[in-house]
Amino acid sequence: MGRGRVELKRIENKINRQVTFAKRRNGLLKKAYELSVLCDAEVALIIFSSRGKLYEFCSSSSMLKTLERYRKCSYGAQLNTSRSIDETESSYQEYLRLKANVEVLQRSQRNLLGEDLGSLDSKELEHLELQLESSLKHIRSTKTQFMLDQLANLQSREQMLLETNKVLKRKLEEARPQIPSQLAWEVEGHHGGGGGSGSIPCSLFPPQPEGFFQPMDSNLSLQIGYNPACLDGMNALVSSQSAAGFIPGWML
């Protein structure tokens, strides 16, 4: 005959209650041990009797480590959830604050552009006018300073160019007296070192006109003696060359 089902309620008999407690406690501790061994589970069992006596079982080396692990798993999720809620609320409040600041700045920008002025009173309009005047003064001051800087830069460049021009002019004036003496030295050198010929190089002769060289007429007969026409032409040629500052070599 099988054992009947025990009704789950407090045992009134004190002795029977203590006996049942002892049996069930030992069975529960045995089941906890078997569970930890068979399933490789970390099991912690804490039992307090009606008199306050402690009975415990822990499959790990320390009951405190198991309880700390239990605390992290049980209360850590709640703490993270509450922290996440707080962060979300704080982020939303920051968003509302930034949104209000953006709206204020946009309204101020529209007012500076002369828009949406109907909602402003006299004090706000006066403050806006002062703000615009201050901004205009600052802009004009910056523009003036920029133009002054450009002017100073141009003046410094002008001074530098003037100094360069003076240096070049001084060099030109120093080199100008040496040019005639150098030409005279070259002429004398050609007279002294030309093998006694006394000829001047062609580079020193001025260019002659095309009429200077005339072909001889084949019909002319050889004339010995005085020829007035030929003498007049030679005198005119010599006069023109003398006026140009050139004297032929055969006249030297």
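Reckoned from all heavy atoms, side chains included, excluding hydrogens, waters and symmetry mates. Predicted model only: the values in this text are computed from it and were never measured.
No path of Ile, Leu, Val, Met, Phe, Trp and Tyr side chains, each step under 4.5 Å between heavy atoms, connects Val43 with Ile46, placing them in separate hydrophobic clusters. Criterion: ILVMFWY side-chain heavy atoms under 4.5 Å apart, direct or through other members. Under it, Ile47 and Leu67 are not part of a common hydrophobic cluster. Grouping the Ile, Leu, Val, Met, Phe, Trp and Tyr side chains by contacts below 4.5 angstrom, directly or via other members, places Leu64 apart from Leu45. Under a hydrophobic-cluster definition in which Ile, Leu, Val, Met, Phe, Trp and Tyr are linked whenever side-chain heavy atoms come within less than 4.5 Å, directly or via other members, Leu28 and Val37 are assigned to the same cluster.
Taken from CD in Glu68 to SG in Cys73, the straight-line distance is 10.0 Å, to the nearest 0.5 Å. Here the CD1-OG distance, from Ile139 to Ser135, works out to 6.0 Å after rounding to the nearest 0.5 Å. To the nearest 0.5 Å, atoms NZ (Lys65) and CD (Glu42) are separated by 10.0 Å. Taking OH of Tyr33 as the start and CG of Leu38 as the end, the distance is 9.0 Å to the nearest 0.5 Å. Here CD of Gln18 is found 7.0 Å from OG of Ser50. Values are rounded to the nearest 0.5 Å. Rounded to the nearest 0.5 Å, atoms CD1 (Ile15) and OG1 (Thr20) are 11.5 Å apart.
Side-chain contact check for Lys137 versus Arg140: every heavy-atom pair is 4.5 Å or farther apart. Glu124 is not listed as a side-chain neighbour of Leu128, based on a closest heavy-atom distance of 4.5 Å or more. The shortest side-chain heavy-atom distance between His127 and Leu130 does not fall under the 4.5 Å cut-off. Side-chain contact between Phe57 and Ser36: present, with at least one pair of heavy atoms (C-beta onward) separated by less than 4.5 Å.
Counted within 6.0 Å of CG on Leu172, heavy atoms from surrounding residues, nucleotides or ligands total more than 12; the atom is thus considered enclosed. Within a 6.0 Å sphere centred on CG of Asp40, heavy atoms belonging to other residues, nucleotides or ligands number 12 at most. Other residues, nucleotides and ligands contribute at most 12 non-hydrogen atoms within 6.0 Å of the CD atom of Gln109. Annotation for Tyr70: atom OH does not count as buried by contact number, only 12 or fewer foreign heavy atoms lying within 6.0 Å.
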*asked:* Would Arg170 and Glu173 count as a salt bridge (Lys or Arg N to Asp or Glu O under 4.0 Å) here? Give the steps.
replied: CA-CA 5 Å; Arg170 185 169 60 253; Glu173 291 177 352; over 6 Å; no
List the atom pairs, with distances to 0.1 Å, where a side-chain N or O of residues 152-160 and a protein N or O form a donor-acceptor pair under 3.5 Å, not counting sequence neighbours.
from, atom 1, to, atom 2, distance (Å)
Ser156, OG, Ala152, O, 3.3
Ser156, OG, Asn153, O, 2.6
Gln159, NE2, Glu163, OE2, 3.3

Could you pull out all donor-acceptor pairs under 3.5 Å where a side-chain atom in residues 91-104 meets a protein atom, sequence neighbours excluded?
from, atom 1, to, atom 2, distance (Å)
Ser91, OG, Glu87, O, 2.9
Gln93, NE2, Glu89, OE2, 3.2
Glu94, OE1, Arg97, NE, 3.4
Glu94, OE1, Arg97, NH2, 3.3
Glu94, OE2, Arg97, NH2, 2.3
Asn101, ND2, Arg97, O, 3.4

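The shortest non-hydrogen separation linking Ile11 to Arg17 is O-NH1, 2.6 Å. The two residues Met63 and Ala44 make their nearest non-hydrogen contact at SD-CB, 3.7 Å. Nearest heavy-atom pair, Cys58 versus Thr66, reported as atom, atom and distance to 0.1 Å: SG-OG1, 3.5 Å.
Side-chain atoms of Asn26 come within 3.5 Å of backbone atoms of Ala22 as a donor-acceptor pair (strictly under, hydrogens ignored). A donor-acceptor pair is defined here as one N or O able to donate and one able to accept, closer than 3.5 Å; no such pair exists between the side chain of Arg110 and the backbone of Glu115.
For the pair Lys171 and Glu174, the salt-bridge criterion is not met [side-chain N within less than 4.0 Å of a carboxylate O].
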